[in-house]
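Worksheet for the structure shown next.
Proteins come first, then strands; the chains are lettered A, B, ... in the order of their sequence lines, and each starts at number 1.
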Amino acid sequence: MKSQKYAVAEVAAPVLNATADEVAALVEYPPQPEMGDLALPCFRFAKQLRTSPQLIAAQVAEALTASGRFATAEVAGAYVNIRLNRAEVANEFVNLAASDPASLFSKRRHQGDTAAIDYSSPNIAKPFGVGHLRSTMIGQALARMMRCDGFTVIGINHLGDWGTQFGKNIAAYLRWGDEETVRQNPVRELLRLYVRFHQEVENNPELEEEGRMWFKRLESGDAEAVRLWRWFIDESLKEFRKTYDLLGVEFDHYLGESFYNDKMQAVIDELRAKNLLIESQGAEVVDLSDVDMPPCIIVKSNGTSIYATRDLAAALYRHDVLGANHLIYVVGAEQKLHFAQLFEVLRRMGREWAANCRHVAFGLMKYNGKRLSTRRGQVVYLEDVLAQAVSEAARIIEEKNPSLPNKEQVARDVGIGAVIFNDLKNYRLHEVDFRFEDVLNFDGETGPYVQYTHARACSVLRKAEAESVRVPERASFTQVIESEWTLVRLFAQANEVFERALDDMDPSQIARYALDVSHAFNRFYHDAPILGAEPVLREQRLVLTHAVRRVLTFSLYLLGLKAPEAM
RNA sequence: GUCUCAGUAGCUCAGCUGGAUAGAGCAACAGCCUUCUAAGCUGUGGGUCGGGGGUUCGAAUCCCUCCUGAGACGCCA
């Protein structure tokens with residue numbers, strides 16, 4: 001709709017003694033569609049032009065009408081309400097949506113840029129819970145959105161595969177575990193041992209020392225410690241990959257924290273060489289008091305490094321070795337300060353690309369209003385949630401469409417889609433309270449609703465084919481009824497929605513858009529015959545249906561959902 | 001204590017860089033399948049936009065203040 005806003009602005013600007021860009025920024029959508037397609041409020045020109053806003057609006061309306069570029073331009077108080085030439089706009093956007101939905105959304109503003117996105121990043125030997133869905137799916141959606149906007153995207157799974165917890169894991173395993181049980185159910189068994197460790201430590205404090213001892217051995221390369229550690233990683237990854245396969249999530253690199261063990265000294269050396277390190281309470285830190293931030297600890301008082309050092313090494317690796325000039329971190333909001341410090345230190349190290357680093361924070365996932373504690377063994381496994389959603393989808397298919405071919409696959413696509421969409425539809429910074437009743441409800445503003453709408457559109461197109469009705473590549477629109485026009489307007493807004501979603505790093509805006517298109521199509525489907533319309537109208541409506549189908553497929557793709565053709 | 005984020009209908013949330021009577025979904029109730037998939041469509045009820053100030057022609061939106069909740073605040077990541 002940008003081009004239409006600008007067209008209005010071009011004509012109105014001379015009347016308002018302002019530039020077209022200034023005016024274009026003021027053009028908005030009227031609250032009620034009956035008022036018009038676009039509106040220009042004229043209040044703020046009153047002072048400069050020394051006339052009433054109403055009079056200014058009248059002059060603007062006159063100029064817009066005289067230009068002949070719009071269907072109507074009417075005054076309503078201080079507003080000018082503009083109606084567009086429906087057939088013209090429909091010809092432009094419906095045909096574009098039908099032929100090339102990616103171009104409908106994106107102008108590929110970032111051709112030539114490379115972005116490394118850090119997302120999902122679960123901890124080894126810990127469960128993959130519902131909480132990990134957030135980083136995983138927001139990251140996956142952003143990866144696709146950024147790729148669509150021209151970025152070369154590098155997806156990185158920054159696995160938590162290092163730290164003192166592995167000393168505890170090893171100690172607990174050696175005391176109470178056995179190979180066979182772990183092999184059968186690695187993550188659940190390792191968690192059980194880990195939880196037991198924390199329980200027993202209450203009465204038996206020397207266990208802590210045992211854990212520390214095993215981590216020291218691991219650090220110094222002790223064969224037994226390294227063997228067990230690697231084994232935990234392998235077993236955990238096998239399970240994680242199963243979940244990623246279900247979700248359809250992919251990474252270019254699995255690079256755990258341990259990968260940077262030998263890359264941190266260089267960071268420390270560089271910071272020291274650049275005189276950024278100062279001694280403080282026995283530790284070495286970068287002082288950030290001049291930007292009102294607490295110091296960033298680089299070397300602990302016991303001489304070892306810390307996560308900030310590791311993250312600096314990882315950032316340098318992503319830029320210098322992987323060639324990324326934009327670094328994106330899809331990590332919980334609780335690490336906000338840490339990333340602010342990290343980016344500030346990078347800037348002080350002279351890395352001008354620090355300005356392109358972004359922490360895409362998200363709110364905590366709670367369960368029945370409570371925070372889950374892995375350490376206490378409170379976990380809702382994502383694989384259990386997905387399985388329940390899939391069986392609910394299967395149940396509904398059995399009830400509504402038992403003759404559907406490919407039932408199992410569709411149940412998977414829909415059930416998993418419901419879980420993903422439920423997570424992506426809300427603003428990422430909000431905390432989400434995970435509740436099965438919400439996730440397993442497939443009515444209303446849900447993934448299955450969008451998928452169902454897509455399947456409906458597919459069904460019409462299939463039926464056309466079966467009746468040997470040709471669906472042309474493009475149509476020439478003549479008359480456009482209200483319910484069609486709502487769809488056309490949405491297509492015309494796709495680019496604005498997409499760019500805002502990307503600038504805000506907010507997939508929920510794509511999800512809302514898909515819901516809007518779905519609702520508009522369902523209304524159209526209900527109101528107007530498609531196949532039953534007379535030939536000229538039938539042709540337009542089939543192209544419109546095809547456009548809806550492609551726009552929904554594309555939106556669902558961006559969000560990481562499958563688009564079954566029947567359900 | 002300081003900082004950050006959030007507070008909109010019974011519940012879950014939209015509301016774009018301030019703009020016209022604050023919108024959806026769920027839940028409740030009432031309609032719509034001899035016609036392209038009813039996982040749909042339509043309608044009804046439901047709101048002092050946390051409270052109070054301020055800026056403005058105009059504030060859910062910006063500023064101040066208070067209340068509530070969450071998170072962060074040096075050797076976990």
What do you reckon, are the aromatic ring centroids of A/Phe259 and A/Tyr317 less than 6.0 Å apart?
-> yes
Which base, if any, makes a Watson-Crick or G-U wobble pair with B/A28, both distances under 3.5 Å?
-> B/U44
Can you tell me, in whole Å, how much space there is between the C1' of B/A14 and that of B/U61?
-> 13 Å
Could you tell me whether A/Gln335 contacts a base, only the sugar-phosphate backbone, or nothing, with contacts defined as non-hydrogen atoms closer than 4.0 Å?
-> base
Which one, B/C16, B/G74, B/A39, comes nearest to the side chain of A/Ala283?
-> B/G74
Using a heavy-atom cut-off of under 4.0 Å over every strand shown, decide if A/Met567 touches base, sugar-phosphate, or nothing.
-> base
Between B/U4, B/G74, B/A14, which nucleotide has the shortest distance from any of its atoms to the side chain of A/Val285?
-> B/G74
B/G40 phosphate, OP1 or OP2: any side-chain N/O from A/Arg523 under 4.0 angstrom?
-> no
Start at the 5' end of RNA chain B and walk down; is the nucleotide closest to A/Glu399 or to A/Val432 reached first?
-> A/Val432
Has the side chain of A/Asp443 got a donor or acceptor atom sitting under 3.5 Å from an opposite partner on the base of B/A27?
-> no
Examine the base of B/G74 for any acceptor or donor lying under 3.5 Å from a partner atom in the side chain of A/Ser280, and report the outcome as yes or no.
-> yes
Rounded C1' spacing from B/G50 to B/U8 in Å = 10 Å
Using only side-chain N and O atoms of A/Arg500, determine if any of them is under 4.0 Å from OP1 or OP2 of B/G15.
-> yes
Respond yes when some side-chain nitrogen or oxygen of A/Tyr449 is under 4.0 Å from OP1 or OP2 of B/A38, and no when none is.
-> no
Gap between atoms CD and C1', on A/Glu482 and B/C41 respectively (whole Å) = 17 Å
Indicate the ring-plane relationship of A/Trp162 and A/Trp229, choosing parallel, tilted or perpendicular according to the 30° and 60° boundaries.
-> perpendicular
Nearest-nucleotide 5' precedence on RNA chain B, A/Ile396 against A/Glu28 = A/Glu28
Who pairs with B/A72 - Watson-Crick or G-U, where each distance is under 3.5 Å = B/U2
OP1 or OP2 of B/A39 less than 4.0 angstrom from a side-chain nitrogen or oxygen of A/Tyr452, does that happen here?
-> yes
With sugar-phosphate meaning primed atoms plus P, OP1 and OP2, does A/Asp438 contact a base, only sugar-phosphate, or nothing at under 4.0 Å between heavy atoms?
-> nothing
Is A/Ala393 touching bases, backbone alone, or none of the nucleic acid, heavy atoms closer than 4.0 Å?
-> nothing
If you look at every strand shown and take non-hydrogen atoms under 4.0 Å, does A/Pro529 touch a base, only sugar-phosphate, or nothing?
-> base
Between atom CG in A/Leu429 and atom P in B/U4, what is the gap in whole Å?
-> 15 Å
Enter syn or anti for the glycosidic conformation of B/C29, syn applying to angles within 90° of 0.
-> anti
Under 4.0 Å between a side-chain N/O of A/Lys425 and OP1 or OP2 of B/C13, yes or no?
-> no
Rounding to a whole Å, what distance do you find between A/Ile530:CD1 and B/C36:P?
-> 11 Å
Just call it for A/Asn81: base, sugar-phosphate, or nothing, with non-hydrogen atoms closer than 4.0 Å on any strand.
-> base
For A/Ala39, report the nucleic acid contact type (base, sugar-phosphate, nothing); a contact means any heavy atom under 4.0 Å.
-> base
Using distance alone, with no hydrogens and no angle criterion, decide if A/Ser120 and A/Asn157 have a side-chain donor and acceptor under 3.5 Å apart.
-> no
Partner nucleotide of B/U34 by Watson-Crick or wobble geometry (both distances under 3.5 Å) = none
Look at the rings of A/Tyr329 and A/Phe343 and say which category their plane angle falls in: under 30° parallel, 30 to 60° tilted, over 60° perpendicular.
-> tilted
Looking only at atom C1', what distance separates B/C67 and B/C26, rounded to whole Å?
-> 30 Å
Can you check whether A/His519 has a side-chain N or O nearer than 4.0 Å to OP1 or OP2 of B/U42?
-> yes
Tell me what A/Ala528 touches on the nucleic acid: a base, only sugar-phosphate, or nothing, going by heavy atoms under 4.0 Å.
-> base
Using both distances under 3.5 Å as the test, list the Watson-Crick or G-U wobble partner of B/G58, or none.
-> none
Nearest-nucleotide pick for A/Pro31, side chain only, options being B/G74, B/A20, B/A70 = B/A20
What class does the angle between the rings of A/Phe434 and A/Phe436 fall in, given that below 30° is parallel, 30 to 60° is tilted and above 60° is perpendicular?
-> perpendicular
For side chain to side chain donor-acceptor pair (under 3.5 Å), just list the numbers for A/Asp506 and A/Ser508, CA-CA rounded to whole Å, side-chain angles, deciding distance to a tenth of an Å, and then say yes or no.
-> CA-CA 5 Å; A/Asp506 182 10; A/Ser508 75; 2.8 Å; yes
What integer distance in Å separates A/Tyr525:OH from B/C41:P?
-> 12 Å
Mate of B/A9 across any strand shown (Watson-Crick or G-U wobble, both atom pairs under 3.5 Å) is none
Using the C1' atom as the reference point in each nucleotide, state the distance between B/G10 and B/G46 in Å, no decimals.
-> 9 Å
Pick base, sugar-phosphate or nothing for A/Leu515, based on heavy-atom distances below 4.0 Å to the nucleic acid.
-> nothing
Considering only B/A39, B/C76, B/C36, which nucleotide approaches the side chain of A/Ser459 most closely?
-> B/C36
Minimum-distance nucleotide to A/Lys336 side chain [options: B/A77, B/C13, B/U4] = B/U4
Considering only side-chain heavy atoms of A/Asn441, which listed nucleotide, B/A20, B/U37, B/C26, is closest?
-> B/C26
Which nucleotide sits closest to the side chain of A/Ala455: B/A70, B/A39, B/U37?
-> B/U37
When you compare B/C73 with B/G47, how far apart are their C1' atoms, in angstrom units rounded to a whole number?
-> 38 Å
Is a donor-acceptor contact shorter than 3.5 angstrom present between the side chain of A/Glu334 and the base of B/A72?
-> no
Please state the P separation for the pair B/A9 and B/A22 - nearest whole angstrom.
-> 14 Å
Quick one: are A/Lys463 and A/Ile530 in side-chain contact, heavy atoms under 4.5 Å?
-> no
State the CZ-CD1 distance between A/Arg318 and A/Ile328, to the nearest 0.5 angstrom.
-> 11.0 Å
Nearest-nucleotide pick for A/Ile306, side chain only, options being B/A14, B/A20, B/A77 = B/A77
Please test A/Glu499 against A/Lys2 for salt bridge (Lys or Arg N to Asp or Glu O under 4.0 Å), starting from the C-alpha separation and ending with a verdict.
-> CA-CA 11 Å; A/Glu499 290 186 354; A/Lys2 268 192 220 155; 2.7 Å; yes
Does B/A39 have a Watson-Crick or wobble mate here (both distances under 3.5 Å), and if so which one?
-> none
What nucleic acid atoms does A/Phe43 come within less than 4.0 Å of, heavy atoms only: base, sugar-phosphate, or nothing?
-> base
With P as the reference atom in both, quote the distance from B/U68 to B/G15 in angstrom, rounded to an integer.
-> 27 Å
Do we see a donor-acceptor contact under 3.5 Å between the side chains of A/Ser289 and A/Asp287?
-> yes
Rounded to whole Å, NE2 of A/His526 lies from C1' of B/G31 at a distance of 11 Å
Looking only at atom C1', what distance separates B/A20 and B/A60, rounded to whole Å?
-> 15 Å
